[in-house]
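Right, one structure below, let's go through it.
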Amino acid sequence: MRKSILAIGAIMMMAACTQTSKNPFLEQWDTPYGVPPFDKIQLSDYIPAIKAGIEEQNKELDAIINNSEAPTFENTVAAYELSGQTLDKVSAVLFNLDETEGSDEMTKVVEEATALITEHEDNISMNKDFFNRVKAVFDGDKSKLTREQLMVLKKLYQSFTRNGVDLDDASQARLKEINQKLAAASQKFGTNLLAENNAFKDKFGIPVSSYASEMTSCEDRGRREEMFKAYSSRGNNGNEYDNKALCLEILNLRAEKANMLGFDTFAAYELDNKMAHDPATVDAFLDKIIGPSVAKAKQEVYDMQQIMDEDIKAGKVETGAKIQPWDWFYYAEKVRQRKYALDEEQTKPYFTMENVRNGIFAAAHKVYGINVEPAPEVPVYNPAAEAFKVTDSDGSLLGIFMTDYFPRSTKRGGAWMTNFREQYVDAQGNDVRPIIINVGNLTAPTDSTPAMFTIDEVETAFHEFGHALHGLLTKCHYASVSGTNVARDFVETFSQFNENWAFQPEILALYAKNYKTGEVIPDSLVAKINNSHKFNQGFMTSELCAASILDMKWHELGKDELSKLREGDQGKNVADFEAKVCKDMGLIGEIIPRYRTTYFNHIFNSGYSAGYYGYLWAEVLDKDAFEYFQQQGLYNPEIDMKFRRTFLEKGGSEEPMVLYESFRGAQPDPGALLRARGLE
């Protein structure tokens, strides 16, 4: 379903605003809680507002640079933190709606906006006069700065040193060119993938988000094979949406950028300011996981083959058939039903969207004491989205939260959390609370049934609300370190931690009720869900770890190696490289990486380049922390509040491991991940 304001925007394109008073981005918003007035925004408003926002921030920067007083944290760093608010406002709306309300017209606006913003950001990060003031603060007496201020200063200083401030003019010009090309190519990758996802839906009648569910229930092996091959070849079909050459172009530009900034590879550049710090550490970490995962997966193949052999004897499958990648979901479900007597058709009636969302809110109340209530007065960008008001136990506002769970042709695949507004303290000392949204592509309602989630989808919904909690509960002073503005390999800790509550019996009793009878999910079914929780973890961990390794290996390539891959048949070169990586890691033929190169949106369009390992890295922290919860009592108010105060309120205002050791009293145990997944 296409957003109504886009239809209005398309109609009004010819009547572009010429007076700033009519551009909603250039006015104060009198909406409830300062939520964007979506119904007043036209496509023609974005570019004028972006240009005005850039001009506004340039003036603010000039004032900082030309300040005659000696550089201090307040007159330089804090002043910069409060600059660019108009640009932030319009960018948040534009890029968020591009991901949920995409259209050809929107794509054109985003392409122009991306070029403008990329150039503006480069001009800031390469501004030597501004950098000299920041450097003076960085090199000066910092004894009176708070830990949060030190982290803000460090982050700003690195934004210069990692983005070319020390390069000569010619090199800066080339780096700006690279950044423009990267921004455009990444945008193109996402646009191509959306088209490929929609083509998949047109062919099979289901959205990409329903692929796993359909593969689980589809008895027609030929159709499963056809779906698998179409799903796994997205962006690799030799059509106008083919991503192979685009991937190599992006990788080549990234490698050149890394070399210019003093790093051998883009992986080394990306990891330099992350928890893991260097590629060797990540490679060793993943190597310890892939082995046990594949070993477990081989046992899972054996179990599935036994059931396939029965189908062969019964004449349901051709003689001599062996488990193939397109058989995995189907036969894994057969094994689960046999081993655990768990059929998701039994669980789905308890997991309607409304029930699950109520459970997410109930868990947050039980653990952190917060309250969530509908906010129908808050404007939303699409009728499918819903708004909620989130308050603390004392009634104070924590933020506004929106959900947009169901797929539509204008929305990119996957699930994510994002902000329409970050939390920060403004110049008048007011605590500006965040506006946060969870977006998904979960099972939608039909004409005859409500939206009923699978077990995986329940976990996805809890996962994304974990990110939302990180954003909603933050109590920082500066936007650059508030909420989820933390190291990429730390940020997934809290989303994955929140998954742990999804199937706790005490939480299920609050929300898992049969939509027809109102019956609370029976203990016997709860036991089956939790007993099967480690089921199929060989497959799930292998495909996740394989994607993480593939990401690293692509970004560990140097320019010479990438140049060779760009010669001759690029499609074959991409396929051969991917096949070699999978062979070298020992991945079995029945499994492919969770994301193959040409549809790996996380690393080519979503900021996880040389960072997809972060899910597993953060899971070590998440599972180790949850073991601590279990030892102390799951609903121990003291521990619950300690977790909230130490992590969720702190955002990026302290080094991640300092926070973790402060909470846990020790470094995380790497074995926690293997124990949680049953891979010891």
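All values below come from the heavy atoms of this structure, side chains included, with hydrogens, waters and symmetry mates left out. Owing to the predicted nature of the structure, the values given are computational and were not obtained by experimental measurement.
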Salt bridge check: are [X] and [Y] linked by an N-O gap of less than 4.0 Å?
X: K257; Y: E270; result: no
X: K553; Y: E556; result: yes
X: R596; Y: E578; result: yes
X: K580; Y: D584; result: yes
X: E177; Y: K181; result: yes

Are [X] and [Y] close enough that a side-chain donor and a side-chain acceptor fall under 3.5 Å?
X: E112; Y: Y46; answer: no
X: Y595; Y: N601; answer: no
X: S233; Y: N236; answer: no
X: E492; Y: S495; answer: yes
X: S563; Y: D560; answer: no
X: S480; Y: E81; answer: yes
X: Q187; Y: N605; answer: no
X: N441; Y: K411; answer: no
X: N243; Y: K188; answer: no
X: T72; Y: N75; answer: yes
X: D489; Y: Y615; answer: no
X: N259; Y: K559; answer: no
X: T418; Y: N96; answer: yes
X: Q57; Y: S83; answer: yes

Table please: side-chain donor-acceptor pairs of residues 420-430 below 3.5 Å, with sequence neighbours left out.
unit_1, atom_1, unit_2, atom_2, d
R421, NE, R433, O, 2.8
R421, NH1, Y33, O, 3.1
R421, NH2, Y33, O, 3.1
R421, NH2, R433, O, 2.8
E422, OE1, N485, ND2, 3.4
Q423, OE1, C476, N, 3.2
Q423, NE2, D431, OD1, 3.0
Q423, NE2, C476, O, 2.7
D426, OD1, Q428, N, 2.9
D426, OD1, G429, N, 3.0
D426, OD1, N430, N, 2.8
D426, OD1, N430, ND2, 3.4
D426, OD2, N430, ND2, 3.1

May I ask you to check if K89 and W29 form a cation-pi contact, with NZ or CZ under 6.0 angstrom from the six-membered ring centre and within 45° of the axis?
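Checked: cation-pi criterion met.
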Does [X] have more than 12 heavy atoms from other residues, nucleotides or ligands lying within 6.0 Å of its [atom1]?
X: K135; atom1: NZ; result: no
X: F490; atom1: CZ; result: yes
X: D169; atom1: CG; result: no
X: K128; atom1: NZ; result: yes
X: D62; atom1: CG; result: yes

Roughly how far, to the nearest 0.5 Å, is [atom2] of [Y] from [atom1] of [X]?
X: D283; Y: Y613; atom1: CG; atom2: OH; value: 10.5 Å
X: L153; Y: E148; atom1: CG; atom2: CD; value: 12.5 Å
X: I124; Y: M126; atom1: CD1; atom2: CE; value: 11.5 Å
X: K51; Y: E55; atom1: NZ; atom2: CD; value: 11.0 Å
X: L253; Y: I178; atom1: CG; atom2: CD1; value: 6.0 Å

Can the ring centroids of [X] and [Y] be said to lie less than 6.0 angstrom from one another?
X: F577; Y: W554; result: yes
X: Y612; Y: F600; result: yes
X: H467; Y: F494; result: no

For F38 and Y381, take the angle between the two ring planes, folded into 0 to 90°, and tell me which bin it lands in: parallel under 30, tilted 30 to 60, perpendicular over 60.
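Ring orientation of F38 relative to Y381: perpendicular.
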My understanding is that only one of D122, T118, N123 makes a side-chain hydrogen bond (donor to acceptor under 3.5 Å, both in side chains) with K176; could you say which?
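Output: one option passes, namely N123.
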Would you sort out whether T281 and D278 count as a side-chain hydrogen bond (donor to acceptor under 3.5 Å, both in side chains), showing the intermediate values?
CA-CA 6 Å; T281 299; D278 58 72; 2.9 Å; yes
Side chain to side chain contact (heavy atoms under 4.5 Å, CB included), paired with I41, selected from V93, N23, L97, L94:
V93
Contacts of E256 that satisfy salt bridge (Lys or Arg N to Asp or Glu O under 4.0 Å) - sequence neighbours left out:
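Partners of E256 by the salt bridge (Lys or Arg N to Asp or Glu O under 4.0 Å) criterion, ordered by chain and then number, come out as R174.
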Taking the side chain as every heavy atom from C-beta outward, state whether V134 and P71 have any pair of such atoms under 4.5 Å apart.
no
So, do M552 and L271 sit near enough that their side-chain heavy atoms are less than 4.5 Å apart?
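In contact.
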Between V439 and M402, does a side-chain contact (heavy atoms from CB on, under 4.5 Å) hold up when you go through it step by step?
CA-CA 8 Å; V439 184; M402 299 180 188; over 6 Å; no
Residues two or more places apart in sequence or in another chain: which of them pass side chain to side chain contact (heavy atoms under 4.5 Å, CB included) with L150?
K142, L145, R147
Evaluate side-chain contact (heavy atoms from CB on, under 4.5 Å) for L565 paired with V574, printing each intermediate quantity in order.
CA-CA 7 Å; L565 289 174; V574 168; over 6 Å; no
All pairs passing salt bridge (Lys or Arg N to Asp or Glu O under 4.0 Å) where residues 606-619 contributes a residue, at least two apart:
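Found E619-R677.
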Any donor and acceptor pair, going by atom type alone, linking the side chain of R162 with main-chain N or O of Y269 inside 3.5 Å?
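Judged by distance alone, yes, a pair lies under 3.5 Å.
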Test your reading of the model: is there a side-chain donor-acceptor pair from S548 to the backbone of L544, 3.5 Å cut-off?
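Present.
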Using the ring pair (Phe, Tyr, Trp, His ring centres under 6.0 Å) rule, collect all pairs that involve residues 111-133, keeping only residues at least two apart or in two chains.
Y80-F130, F130-F160, F131-Y157, F131-F160
Which is it for Q149 and V152 under the side-chain contact (heavy atoms from CB on, under 4.5 Å) test, yes or no, and what are the steps along the way?
CA-CA 5 Å; Q149 290 173 330; V152 170; 5.5 Å; no
Kindly determine whether E655 and K154 satisfy salt bridge (charged side-chain N to carboxylate O under 4.0 Å, His left out), including the steps that lead there.
CA-CA 11 Å; E655 297 289 353; K154 174 185 174 183; 2.6 Å; yes
Kindly write out the residues that satisfy side-chain hydrogen bond (donor to acceptor under 3.5 Å, both in side chains) with T76, not counting sequence neighbours, or none if the list is empty.
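So T76 forms a side-chain hydrogen bond (donor to acceptor under 3.5 Å, both in side chains) with R133.
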